[in-house]
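Single-structure report; data block below.
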Amino acid sequence: MTNTTNFYSLKNFLIIAIFIQLFRLGVLYFIMKDYGLYIDEVYYWGWAQSFELGYFSKPPMIAWLIMLTTSIFGDGEIATKIGSIFVYPLTSSIIYLIAIKLFNDNKIAFFSALSFLTLPAISMSSIIISTDVVLLLFWSLSIYFFLKAIEEEQRKYWIIAGFFAGCGMLSKYNMVFFLISAILVLILDKNYRQVLKNKDFYISIIVAFIVFIPNLYWQFTHNFISFAHTKEISQVEKELFHFDKMLEFLGSQFGVFGLILFPVMLFLLFKFKTIFSDKSLKFLYLFVIPYFLFITILSLLSRAFANWSAPVYVAGTILVIAYLIKNGKIKLVKISLSLNILLALVLYFYHPIMNTFGVELTKKNDPYNRISGWEKVAENLDNIRKEYNYRLIFEDRKIMSEMIFYMKPHPFDSLIYNSEGVVTNHYHMFNNIDNKPLKGKFLYITRIDKPQFKDTEFEKIEFIKDIEIKLYKNYSIKCKVYFVENFLGYSTK
């Protein structure tokens, strides 16, 4: 029995986790080195070039992480992504500690941590850099120290929990749901209700708020643009009730949480008697149900992207694994692990697998189609820039982000055309062409056949060149490059 317990130790889990992350790093270096970066990755990298207390659509933590990794490992694709490789073993280890604290069972802790690290969403998130990377770390740390605070009743744990909750708010604004779940735990568990009368609980909330104040100040000085953007992408003001969108969201969770774990979690959401008869399961349940219900309802009313449910699966993973192991279903846990690992391998080696079976890649069947080809576009545009040596103007965030990253030296002084005057991205805030004359010669880059500018908006306009990078048999990235001189202002016609 002791040998079994030792096998499921945190030390052994960390050894396995390090191996998994080194394997993923190898995939990045050897298999995906030519794939490129996603739009959000290069967008966040752009933010990381300047230390700020906030950015257009997100709090600053993701930019700070990229700033740290690129300052250590250099200014490249892997250096931009590598924060995920380092952070997820930490998050998984905290999940191990939460499970130990709740169940005092090394097997439950081990399989909870390992299941989380191999979730389909985490397998994907480990090879990209996103706001979920830092959010899940601080969400798990907040749960762990909240649990220690309510059980050990020491002020230091309340302060630490508040600090990490504040860091979570600096990572992604949906961290606010942590407080909702925490309050529900205190209300619905009679053993913890007295905590609501404990001033340390409120000190914790104050600490979280203090940590969050820098970003709140930034929002105040920038017209709360991030909150407005969050409301906009939720589309709650548009036509309500989309049952197809809700079914699409729920279906996507099989690809986020796994083919076995997600159905089991759905099953448990309705097992109130079983859950509420177990103090530890109830604790986890209350960190799952509020946010999951909110996102599901949001998907019904407007829309919700698959990854918006990410915080649910910190507690959700432990909840499902604990239930299965407690009920003698360890075999199902191992099958789930095997399926998730197999899915990850298919994802990582998708191109070699398709080539082996002679399947032609197309835009429809290639999951990496959105990140392919941009470095070659940048090489072509760089050759034109070297010939003319003019400042660049772009029409949209996607190509502007990709070109700023891949062109060397990076054209940070690039501008974005914005005739509508609506702020919908970071560049509209800081690289915008205002509606007033701007003298100079520029290269204007567009991805559409007819550029957005009007002939009357520049003194001189000349077409220079088409850029076309063929990716698949029937699809290419196409850009048009124009020479423009002396912006006169946006046309009202």
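Worth saying up front: this structure is predicted, and the values here are computed from it rather than measured.
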Short question: side chain of [X], backbone of [Y] - any donor-acceptor pair under 3.5 Å?
X    : Y    : answer
H428 : V422 : yes
Q452 : Y417 : no
N365 : E360 : yes
N486 : K439 : no
S84  : S125 : yes
S226 : Y55  : yes
Q21  : I85  : yes
R391 : L415 : no

Exercise. Is there a ring pair (Phe, Tyr, Trp, His ring centres under 6.0 Å) between W45 and F412 once you walk through the steps?
Worked result: CA-CA 12 Å; W45 170 88; F412 292 118; 5.8 Å; yes
Taking the six-membered ring for Trp, are [X] and [Y] ring centroids under 6.0 Å apart?
X    : Y    : answer
Y427 : F56  : no
F177 : F294 : yes
F458 : F442 : no
Y313 : F292 : no
F287 : F178 : yes

Problem set entry | Smallest separation among heavy atoms of Y350 and P367, with atom names | CE2-CD, 3.3 Å
Exercise. If you take all heavy atoms of S302 and K245, which pair is closest and at what distance?
Worked result: O-CG, 3.9 Å
Sub-4.5 Å side-chain heavy-atom contact between [X] and [Y]:
X    : Y    : answer
E379 : Y406 : no
N174 : P311 : yes
W139 : S171 : no
V256 : F262 : no
L269 : I289 : yes
F164 : V211 : no
T70  : T80  : yes

For this session: Would you please name every residue forming a salt bridge (Lys or Arg N to Asp or Glu O under 4.0 Å) with K376, sequence neighbours left out?
Result: none
For this session: Taking atom types as modelled, find out whether Y444 and E395 have a side-chain donor-acceptor pair closer than 3.5 angstrom.
Result: yes
Exercise. Can H351 and D366 be counted as having a side-chain donor-acceptor contact under 3.5 angstrom?
Worked result: yes
Exercise. For F430, does the CZ atom have more than 12 heavy-atom neighbours from other residues, nucleotides or ligands under 6.0 Å away?
Worked result: yes
For this session: Give a yes or no on whether F463 atom CZ has more than 12 heavy-atom contacts from other residues, nucleotides or ligands under 6.0 Å away.
Result: yes
Problem set entry | Where at least one partner belongs to residues 464-491, residue pairs that pass salt bridge (Lys or Arg N to Asp or Glu O under 4.0 Å), sequence neighbours excluded | D466-K480
Exercise. Could K408 and F405 be counted as a cation-pi pair, given that NZ or CZ must be under 6.0 Å from the ring centre and within 45° of the axis?
Worked result: yes
